[in-house]
Each structure stands twice: as C-alpha cells, then as structure tokens.
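Okay, so here's the structure we're looking at.
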Amino acid sequence: MKCAPFEYVRPTSVDDVLAALAEADGEGKILAGGQSLVPVMALRMARPAVLVDVNKVEGLSDLECDDGSVHVGALVRHRTLAEQTAHPLLAEAARHIGHTAIRTRGTAGGSIAHADPAAELPVVAVATGATVTVAGADGDRWVAAEDLFAGPLMTTLDPDEMVTGIDFPVPTRWGFAEFARRHGDFALVTVVVAEVDGDLRIVVGGVGPVPIRARSTGAETLGDELTPTGDLHGSADFRRGLAIEMARRALASAGIQG
Amino acid sequence: MSSLGTSPPRKEDRRLVTGRGRFVGDLQLPRMRHVAFVRSPIAHARITTLDAGPARDAGYRVFTQADLGGIVLRAQSALPSYVETGQPALAEGKVRFQGEPVAAVVATDRYRAEDGAELVEVDYAPLPPTVCAWLPPESPVHDEAPDNVLLERTFDAGDVDATLASAFLTVRRELTTNRHAGNPMECRAGVALFDPADRRLTFWSGTQVPHLVRNMIAELLGLSEGNVRVVAPDVGGGFGVKAVLYPEDVALCAIALEMPGTPVKWVEDRVEHLAAATHARDHRYLLTAGFSEDGTLLALDADVTCNVGAYSVYPWTAGIEPLMAGGLLTGPYKLTHYRATVRGVATNTAPSGPYRGVARPASVFAMETMLDDAAARLGMTGVDIRRRNVIRPEDIPYKMPSRLVDDSGHYDECLTKALDAVGYDDLVEEQQRRRGTDEPQIGIGFACYNELTGLGRAASAGPRMPFRTGHDACTVRINPDGRVTVFSGVTSQGQGLETTVAQIVADALGVGYDDVDVRIGDTDASLWGFGAFSSRQAVIGGGAAHRSALAARTKVLRLAAGLLEADPSDLLIENGVIAVAGSPDVTIGLPEVARVAYLESNRLPEGIEPGLEATEFYDPIRGAFAAGAQVAAVEVDRTTGSISILRWACVEDAGRAMHPQIVDGQIAGSIAQGIGGALYEHLVYDDDGNLSTGTLLDYLMPTSAEIPEMTIGHVERPAANPLGVRGVGEGGTLGPNAVLAGAVSDALGVKIDELPLSPSVVWTAARRAAEDRGVVDEDGGPDRE
C-alpha cells in the first residue's frame with residue numbers, strides 16, 4: 001500500500017509548526033519519528049492533507065535533569081531514553097519499545113501524543129505523574145499525563161497544538177513488567193509501579209482505552225478493578241490474569257510486597 | 001577432488017550478500033507502468049455495479065474481467081469425486097473472498113495506480129459468507145458444488161470397525177489446526193512485456209514453476225508456447241506459495257497483451273499477500289484409534305476436513321491438502337486397519353494451496369497426539385509407544401495402508417539419536433524434580449515422520465492432474481574455453497540450487513567446482529523443469545544434471561581419445577585434465593578438447609560431430625522417503641502461558657548430503673517455520689469473512705530471537721537413485737506442531753486440541769489443570785503455592 005497524496009512542510013521553529021497546523025485547519029498531522037504514522041498512512045487509514053515534519057525544529061531534542069525530574073524534549077528518541085541513566089525507569093521502559101530501528105527513529109513526544117494504550121511511555125507518564133508541555137496559539141500550557149489521554153489513540157490536545165516536552169519525575173522506588181508475544185511487540189499488558197513523593201502508583205497498560213491507574217496497592221486485588229476485553233491474542237480473563245502477574249512482578253522488582 | 005559432500009561457498013551468495021541480487025522488484029524497463037488491483041472488501045457478494053468510468057475519466061487505464069476476455073483458470077483432476085470449478089483472472093459477477101481482485105488499474109507509478117484504484121466504483125450485494133469448513137454452508141461458494149465439497153475420498157484398508165470394537169484401548173480426539181501461510185520475505189511479483197512485432201511475451205515472475213506458468217499462460221492467452229518466455233530471477237523465498245499460477249499473474253500477462261510494447265509491473269505488498277496469496281493448514285481431524293495393551297496401534301478411523309478456501313488453485317486443485325493428509329496420516333507407523341475420509345470444502349476465505357510440508361504438519365500433529373494420548377492411558381512413555389509402532393529397516397519396502405511404499409525405515413535410529421542429543425535421561429530427571437514445585441514445569445515432546453520426496457511418475461505429486469511431475473531436464477555445455485555452463489530446469493528461492501547443481505556437474509564431469517556456472521529459472525535457456533515443490537529438485541533436477549554431465553563426459557572422452565590416439569575406456573578426467581591411465585605424462589586439457597570441438601574441426605577425430613554439450617532427462621520413477629524424528633524440551637510458565645524452548649534436536653535421513661551446510665540450513669529453516677506455525681502464526685477470519693490478521697502487526701512471524709539453538713543430526717542412508725539423495729526441503733516443518741503440543745501436554749498434564757499454542761491457549765489449559773487439582777485462586781492465575 002502506498003499513501004494518498006499529501007502536502008509536506010518542514011518548519012524549523014515551534015511557532016512555524018503551529019502556524020502550519022493552523023493553516024491546515026484540522027487536516028494537518030505532525031511527523032516526528034513516523035513509526036506509527038507512516039504505516040497507517042501507507043494503509044491509507046490516515047490521510048492527512050498536510051504533513052508537518054518537526055524533525056528540524058530546534059530545541060526539542062534535549063534531555064535535561066534537574067531536581068528530582070527529567071525533562072525530555074519531544075524529539076528525544078527512544079534510543080536516547082534507553083541509554084540515559086538519570087531516570088532508570090524510563091530507560092527500562094524504553095528498552096522494551098519495538099526494535100533498534102524503531103527506537104532510533106521513534107520519539108518521546110510522538111509516543112505520548114499518539115496515545116496508544118499498549119505503548120510503554122504513556123504508562124510510565126501516568127505512573128510517575130509526568131507533566132506534558134503543550135504549545136498552542138496562546139502559548140504553552142501544562143497538562144498532567146493522566147488528563148492527556150482520552151481514549152485509544154485520542155488525547156485532549158487540539159488539532160493545532162503540539163507536545164514539546166515531558167517532565168518525568170524520578171521515582172524513589174519503581175518496577176516495570178510487561179508481557180508481549182515476541183520481544184519488541186506491543187505488550188499485551190504493561191504494569192509500571194512508581195513511588196513519587198511518597199505516593200505509590202500502580203498503572204496498567206493494555207487493559208483499557210488509556211493507561212489505568214489502580215486504586216489498590218496490591219496485585220491480588222487489582223484484578224477486580226480491571227475490565228479488559230478479549231481480542232485475537234486472548235480472552236479478557238487471560239488479560240486480567242496477565243495484569244495480576246505483571247503487577248506481582250513489577251511490585252517485586254520495586255521491592256514492595258504485593 | 002570430489003565436491004559433493006563438502007560445503008563450498010554458495011555460487012549465489014556473492015550477489016545476494018552484497019545487495020546485488022536481481023529480484024523482480026529490482027527490474028526497471030523503459031516506459032514501464034505499474035498495476036494496482038481493486039480488491040473485494042467483503043467475503044461473499046454479487047457485484048451489482050462495476051464502473052471504471054470515473055477512473056478512466058481521470059486518465060487511468062482500467063481492466064475488468066470483461067476487458068480481458070473472461071479468462072478463467074481451471075485446475076483439473078481425474079479423481080472421481082472432484083468438482084471442477086473456475087477461478088477468473090478478475091472477479092466477474094460475484095466475489096468469493098475478501099481480497100479477491102476485481103479490477104486492475106495501470107499508472108505511471110504504484111502510488112498513482114492506488115489513487116486510480118480508489119476511483120473504480122464497485123457496488124456489492126452481500127451474500128451469506130461461509131468461513132468455517134466444518135459448519136453447514138451458508139450459501140454455496142460455487143454453484144457447481146451446492147454443499148461446498150470440492151473433493152471427497154475415502155482410504156480404506158483392513159477391517160477398522162471390527163478391530164476397534166475388540167481393541168484393548170480406544171482413543172477419540174477432535175483436533176483443529178491453525179490456518180497460516182508460507183509468507184516469504186519477498187511477496188509475489190511480476191513484470192510482463194508483450195512485443196507485438198513477433199507476438200512474444202516475456203513474463204518475469206517470482207515463481208517456483210516457470211515452465212508450468214509458461215505452459216498455461218500460452219494456452220490461456222492463445223500464444224505459441226515457444227513465444228512465451230518466463231523468467232524467475234532471484235526469488236526471496238517461496239515455500240509453495242509461489243508454486244501456484246495466480247489470477248494476478250494471468251491478469252498481468254493479459255494486460256501486457258492489451259498494452260503492446262509497454263512493460264507492466266505488479267509487486268505485491270504484504271497486505272495483499274496476507275489477504276490473497278494462498279493459505280494453508282486450516283484442518284479438523286476427528287480420530288478414533290485402537291491400541292492393544294502393549295501399545296500396538298491396531299486401527300485408525302479418521303474424518304479429515306480441510307478448508308480449501310474460495311478457489312481450487314492452479315494446478316494443484318482443492319485436493320492437495322486433503323489427499324496428502326489422508327495418504328500420509330499414518331506416517332512412519334505400521335498399520336493394517338485404516339479408514340480415512342478426507343474432504344476439501346470451499347469457503348469464503350483465501351484459497352489454500354501448497355505450503356512447505358503440505359498438510360503433514362497438521363496430520364503429524366494429529367497422529368502423534370493419538371500416540372501420546374494412548375501412551376498416557378497405558379502408562380507408557382512417548383518413546384516406548386513410538387518404538388513399538390515404527391516401521392523398521394527389516395520391514396522395508398513397507399506398503400502403507402494408503403498403498404504408498406516406504407523405502408526408508410530408520411525411524412527408531414533417528415529417534416534414538418535425537419534423544420541422545422537432547423540429553424533425554426537428564427531431562428526426565430529434572431522434569432521429575434520440578435513436579436509439584438512452583439518452578440516452571442518441563443515438558444518433553446516427540447515427533448516421528450516420513451517425508452515423501454523426489455516423486456517420479458509412479459507416485460507423481462498432485463491429485464491426478466493432467467500431467468506427471470516426475471522428470472526434469474538439464475543441459476551441460478562445455479564452452480570453447482573449456483569452462484562449463486549448465487542450463488538447468490530447476491528453480492531456486494534461496495535453496496542454493498546453483499551451488500548444488502554445480503557440485504553435481506563438477507563431480508560427474510571431472511572438472512573443478514569453480515569452472516561450472518549454472519543458469520536457472522529461464523524457460524528460454526532450459527529445456528524443461530517442473531520446478532520447486534515436493535522436495536523434488538535435489539533428487540530429480542540433480543539427477544538430470546548428473547546424467548547430462550555423464551553424457552557430456554562421454555563425448556569429451558571420445559574426442560580426447562581421438563586426439564590422444566588412446567582408447568576412451570583408458571581415459572580419466574580429473575579437474576579438467578584428461579589423462580591416460582597408466583601413462584601420467586600423456587594428458588590433454590579440457591580447454592584444448594573444447595577448442596577442437598568448436599573451432600578446429602580440422603582436428604576433429606573421424607565420426608565426431610562438432611560441439612560439446614549434452615541434454616538429458618531424469619525420472620526416478622518412484623519417490624524416496626526421508627525418515628525423521630524431532631525431540632524437544634520446553635519450560636512452561638503457568639502464570640503467563642509462555643513457553644521457553646530449552647532443547648531441540650532433529651535427526652533425519654537425508655540420504656547422501658551433497659552440501660551439508662545447505663542440508664542443515666534447510667532443516668533448521670523448516671523447523672523455524674514449523675515453530676512459527678505452532679506458536680505464533682495464525683490467519684484469523686471473523687464470522688463475516690473479514691481477515692482480522694491483515695498485517696504483520698497481528699500476524700506474528702517468528703524472528704531469530706524466537707528460534708532456539710538446535711542440534712541437527714543425520715542418518716545417511718543412500719536412496720536408490722544415482723546420487724543416493726533424499727529430498728530435505730520440507731521434513732523439518734512436520735515436527736514442531738506435534739513436538740510442542742506434546743511437550744506442553746506433558747508439562748501440564750493437559751490435552752491440547754487446538755493450535756497455535758498461544759500464551760492464551762496455554763494459560764487457559766494450565767488454569768483448567770489447576771482447577772482440576774483444586775488449587776486455583778479466585779482472581780486469576782493458577783495458584784503458585
């Protein structure tokens with residue numbers, strides 16, 4: 001499959017990106033790493049009229065550590081996340097994203113904005129209470145990660161807004177566990193456990209439209225909260241069972257008794 | 001020095017590993033145009049409107065079935081119950097599966113061709129789709145077969161009913177296997193060019209069967225067969241999927257006739273491939289087996305239904321899978337009382353066709369499951385029940401109940417070697433130690449199988465098609481410089497046939513491996529070859545190369561004898577030098593002999609014509625069975641249903657291994673493909689006939705990370721053909737379904753009735769087993785106390 005015709009622009013500043021999106025009037029789409037967008041364009045399931053390539057925008061590729069938090073520019077590649085040491089949870093999660101070629105191209109901002117419920121970074125963002133910086137016509141605004149995700153592949157972003165960065169607090173204790181059919185596949189279930197400022201969160205990906213923040217603090221009671229659906233890869237019961245097991249493993253690796 | 005039995009660098013690897021392979025997709029010709037197919041989005045419907053007007057108005061060339069003159073492929077079989085149906089080049093009147101080509105659009109590039117395809121207006125009036133072959137049909141796929149049964153046959157030997165009635169133990173099972181496909185790295189591809197000046201059509205195609213393609217394309221398009229040239233250049237995998245002549249191939253060639261002088265190219269993408277290239281292995285087995293108290297298999301009663309999809313593919317027909325399943329279900333086990341009714345049932349899914357191992361990955365799973373089930377009930381091990389029943393060397397030739405004749409018989413030896421290779425006794429000890437603990441459980445699985453290879457005319461491949469596939473031809477030409485060019489009828493999709501044929505010719509002729517070049521895949525260059533299927537080419541194409549090289553050698557020696565004034569029977573030829581036995585100083589080089597043959601007729605001995613080449617056919621008449629056994633140990637994680645393969649061993653009787661590295665590569669690759677089918681690959685249709693696994697995001701292929709290290713061993717028993725070889729291309733695929741299902745069953749103490757062994761299936765089985773033991777907790781996973 002080959003993609004449908006589209007216009008292509010490559011601005012070099014955030015302001016120009018926003019202007020291009022505004023001009024596209026809802027028909028524009030940001031191209032960052034292209035690892036999710038380009039395949040669906042090739043299938044003609046996504047047909048943006050204008051592709052706004054942000055890869056030449058300056059100032060979005062930095063990764064900065066400051067007091068208890070890591071700021072990740074929207075264009076930071078998964079590979080960089082996997083190799084950095086300031087945020088071990090982020091590094092561990094990034095190592096599970098796709099394969100080398102995908103990690104070399106794919107970006108943090110792209111993954112957050114794409115909002116795939118099976119992707120790793122949205123789960124980490126919700127678990128750590130990350131803050132997403134969103135640029136728009138009226139300037140920047142800051143959105144808590146759990147308020148960003150609205151459904152599968154849906155966010156609360158406006159069509160003419162852009163994610164420019166994410167601040168991930170560094171947890172004091174953490175655990176990560178996921179189950180995928182093959183290494184590099186989208187996980188069937190991802191569980192991230194993170195303790196930030198004394199607040200312990202268990203967040204589950206792959207069992208609902210968005211990353212699910214559990215009310216319970218133990219694996220055994222988690223199952224009652226989840227309402228996964230069955231699909232090609234297995235029944236709802238199987239996913240629930242996997243979530244419980246991944247929660248056990250994530251809690252254990254965090255050094256927390258489930 | 002002999003080349004056979006060693007592993008010289010492969011002839012094709014210089015270009016393949018340096019990125020200089022020549023695939024159809026690489027072909028660029030002046031004025032070339034690109035084709036995109038409009039495909040049916042629904043499984044079963046009448047076409048009420050097909051309007052190419054808007055696309056034509058936008059400047060596209062569009063072809064429908066009417067524009068192509070209504071060409072229909074018809075796969076034929078002389079079997080009595082066979083219902084012949086047609087497969088149109090492009091759908092006409094109705095569509096029968098999602099993905100069926102309905103129209104073709106031609107443009108300057110593929111992007112624009114797909115834009116044009118969107119402009120073709122098609123309206124469909126849906127008909128009820130039939131997806132499952134063992135549920136009552138909703139609405140006939142073809143009018144000629146109201147019950148959708150395209151073929152049914154019963155194999156019947158001995159007295160099954162009486163034997164079952166008196167058996168000590170009877171085992172009944174219903175088993176289903178997962179639809180999956182060969183899925184080569186290179187999808188299908190073709191470029192067709194018609195030269196109107198002399199009415200010649202050239203079709204570059206990634207096919208496994210160029211001569212068969214030429215034969216039928218010429219007939220369908222009304223061209224002289226000599227004016228059709230089919231070229232299969234480098235091909236990136238086939239696995240049987242490319243041994244079929246497809247409607248897209250026919251449409252592409254027919255379009256070329258309508259656009260004389262313009263090359264038209266179609267390169268299939270993965271979405272098209274998963275939807276419309278042939279599928280396989282969608283079977284159900286209803287089995288009843290009777291055993292004596294000591295585990296002897298007494299009788300087997302089988303009812304086998306194969307989902308053959310929407311069309312009977314050319315040339316193999318809807319019979320290919322059911323007949324193979326019935327003919328070889330009993331595999332390497334001795335049996336007198338056997339009844340199997342097999343049928344091919346049409347459905348509104350992609351057509352099924354040949355895929356590496358044809359039906360036997362499923363039928364071996366079925367047979368081995370029955371043995372494992374019986375062994376468990378009788379308190380025997382999986383090893384003992386197999387040893388009790390396998391055909392032994394002293395039974396050879398053994399006439400199977402389906403009347404095929406097994407010429408191998410080394411199953412116990414293969415099994416024993418495989419057990420040694422995995423360290424069976426130690427595994428059993430560790431397995432016992434872990435029983436009852438919360439550690440991952442170990443299971444051990446087995447498969448014994450026989451691979452029918454290199455079929456000659458007496459047991460020709462295919463269900464009584466209008467031709468016999470027992471022979472191939474080869475031409476060995478010694479050039480004026482004394483080097484050798486071989487024009488072989490074989491094709492290669494990665495198996496290294498250029499290398500193997502060169503080795504055979506080098507040894508038979510008495511020249512160095514490096515002095516032989518091999519040309520394959522071009523019907524203008526080779527006289528005849530049926531192509532790659534049924535593990536036939538090493539035996540048959542190799543046999544033809546051997547015979548032609550010997551014939552060329554005879555002429556070389558006659559000519560040299562005249563030049564040396566010696567008797568031909570006193571001459572030896574080694575490494576391109578002809579010498580007189582006993583007189584090492586009297587020699588002549590092959591270059592000089594060749595020069596005389598072509599350029600210096602004044603020196604030609606009396607009675608010898610110019611030229612130095614030979615063309616011979618070879619037909620082994622019968623086939624050569626290749627015995628095989630696989631054993632593996634797995635670890636099952638009951639909390640996730642995932643399986644880790646700890647050990648894998650395969651021992652096969654490949655006869656004489658001509659290029660041991662290629663032989664081992666074939667075995668390793670086929671086991672990997674078998675593991676893919678057992679654990680990952682599954683083409684799933686929903687109830688409406690929509691393919692749910694339409695991309696590689698959902699259709700999971702194994703990568704090298706999923707494939708374990710394996711030990712490959714050999715029992716080299718030369719077959720009764722001039723090279724002593726047995727085919728080795730498919731056997732490895734036959735084991736993994738049975739091995740892995742048996743191992744999981746062994747680990748968890750559960751019955752495995754369906755494939756693939758996805759984590760969900762295994763987790764559910766583990767949970768059921770835990771519930772039976774009363775140790776499951778309320779929320780989810782099996783309790784880990």
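Order of the sequence lines sets the chain letters (A, B, ...), proteins ahead of strands, with each chain counted from 1.
For B:Ile643, no part lies near chain A; criterion is any non-hydrogen pair under 4.5 Å. At a 4.5 Å heavy-atom cutoff, the contact between B:Glu118 and chain A is made by side-chain atoms alone. Contact of A:Asp185 with chain B is made through the side chain alone, with heavy-atom distances under 4.5 Å. For A:Leu43, the part sitting under 4.5 Å from any heavy atom of chain B is the side chain, from C-beta outward, and nothing else. Looking at A:Arg44, the atoms closer than 4.5 Å to chain B (heavy atoms on both sides) all sit in the side chain, from C-beta outward. Contacts between B:Glu706 and chain A at a heavy-atom distance below 4.5 Å involve the side chain alone, from C-beta outward.
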Please assess A:Arg249 against B:Thr639 for the test side-chain hydrogen bond (donor to acceptor under 3.5 Å, both in side chains), listing each intermediate value before the final yes or no.
-> CA-CA 11 Å; A:Arg249 294 182 186 185; B:Thr639 63; 2.9 Å; yes

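Heavy-atom contacts from other residues, nucleotides or ligands closer than 6.0 Å to CG of B:Asp686 number more than 12.
The pair B:Arg768-B:Asp753 does not count as a salt bridge, with every side-chain nitrogen at least 4.0 angstrom from each carboxylate oxygen. A salt bridge links B:Asp269 to B:Arg110: one of the charged nitrogens lies within less than 4.0 Å of a carboxylate oxygen. Salt bridge B:Asp109/B:Arg112: present, at least one basic N to carboxylate O contact under 4.0 Å.
At least one test fails for B:Arg179 against the ring of B:Tyr685: distance under 6.0 Å to the centre or angle within 45° of the axis.
The greatest number of non-hydrogen atom pairs below 4.5 Å with chain A, out of B:Val271, B:Thr695, B:Leu700, is found for B:Leu700.
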